[in-house]
Amino acid sequence: MNTHIVIAIDGPAGSGKSTVAKLIAKKLGIVYIDTGAMYRALAYKAYTMDISFEDEKSIAKLAEAIEIELEGEKVLLDGIRVDGHIRMPVINENVSKVAKIRQVRDIMVMHQREMGKKRSVVMDGRDIGTHVFPNASYKFFLVADIDERARRRSLELIQKGYEVEFGEIKAELENRDMQDSTREASPLIKASDALEIDTTSKTPEEVADTIIRLVRTEE
Ligand code: DC
């Protein structure tokens, strides 16, 4: 690929963003950036330091002090790999509280813009097409039925060895959707020029191929 492109993929939790984005990155040979992992790494750091998720001031300070690096699927927090920890239930339940803090978002967005400045990337998150890269070459907004999203999330947790209760997972997703879409600072919202794709009854391969086809046709 000759030109420098940014593919923005937004949508609610469990809509398939990260699975699809990883496939696209692999197939196109470009870099995948999981922006949710950055908010999760910060939430994890706060958790290990016993800082309350409600303590916005301390969390904002922490965001300034820590270094988060993404290398493929590896997430490094101050040089230490944390990707094995950032998807545990306590982080799932509380990460939205961290992600809604404006100062935290400003810091993360600055890093994300830096990462997509010089090379082609596929970036997934909640505000990529609306705020991080409003001029992104390609914008997609993935959605899926809540029951399907809860099923996917349950499966993911079961595979990691957690015991899950479907109703609880569904409620947690609904709560997170609500928090992410109603927060003041760059809420989860479809960019007016993003293409919406319903992934409920599609495989990640199908969605990734649809996106790749569109990218290739317009190149
Ligand atoms: O995609 P995820 O579930 O890993 O995201 C974790 C949290 O971070 C989620 O509550 C929304 C938030 N987030 C965000 O606000 N902006 C982003 N660009 C990415 C994630």
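One-based numbering, in listed order, for ligands and for the atoms of each. Index from 1, following the sequence.
- A heavy-atom distance below 4.5 Å is not found between the side chains of K22 and V122.
- At the shortest separation from atom 8 (O) of ligand 1 among protein heavy atoms lies Y39 CB, 3.7 Å.
- A side-chain hydrogen bond (donor to acceptor under 3.5 Å, both in side chains) with S186 holds for exactly one of K100, R105, H131, R102; it is R105.
- Protein heavy atom in closest approach to atom 20 (C) of ligand 1: G36 CA, 3.5 Å.
- Taking a cut-off of under 4.0 Å to the non-hydrogen atoms of T35, the atoms of ligand 1 that pass are 17 (C), 18 (N), 19 (C).
- Here the protein heavy atom with the shortest distance to atom 11 (C) of ligand 1 is D180 OD2, 3.3 Å.
- Each of the atoms 2 (P), 3 (O), 4 (O), 6 (C) of ligand 1 lies under 4.0 Å from some heavy atom of R40.
- Atom 1 (O) of ligand 1 has as its closest protein heavy atom R126 NH1, 2.8 Å.
- Here V143 is tied into one hydrophobic group with F141, L188, each link being a pair of ILVMFWY side chains closer than 4.5 Å.
- Paired with R152 under the rule side-chain hydrogen bond (donor to acceptor under 3.5 Å, both in side chains), one option of D147, T19, T199 passes, and it is T199.
- Residue I33 is grouped with residue M108 when hydrophobic side chains (ILVMFWY) are merged at heavy-atom distances under 4.5 angstrom, including chains of intermediate members.
- Counting atoms of ligand 1 from 1 in the listed order, those under 4.0 Å from a heavy atom of G125 are 17 (C), 18 (N), 19 (C).
- Heavy-atom proximity to atom 18 (N) of ligand 1, evaluated over V104, I86, D127, is greatest for D127.
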Yes or no on side-chain hydrogen bond (donor to acceptor under 3.5 Å, both in side chains) for S15 and R149, after CA distance, side-chain angles and deciding distance? CA-CA 6 Å; S15 59; R149 294 196 283 129; over 6 Å; no
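- K202 is linked by a salt bridge (charged side-chain N to carboxylate O under 4.0 Å, His left out) to nothing, counting only residues two or more places apart in sequence or in another chain.
- Within ligand 1, counting atoms from 1 as listed, the ones closer than 4.0 Å to a heavy atom of A99 are 8 (O), 12 (C), 15 (O).
- With contacts defined as side-chain heavy-atom distances shorter than 4.5 Å, the pair K45/R40 does not qualify.
- Here R176 has side-chain heavy atoms under 4.0 Å from ligand 1, and that is the only part of it that gets that close.
- Distances between N or O atoms of S96 and those of ligand 1 include at least one value under 3.5 Å.
- Ligand 1 has at least one atom lying under 4.0 Å from a heavy atom of R183.
- Closest protein heavy atom to atom 16 (N) of ligand 1: R105 NH2, 3.0 Å.
- In the displayed structure, K160 atom NZ is contacted under 6.0 Å by more than 12 heavy atoms of other residues, nucleotides or ligands.
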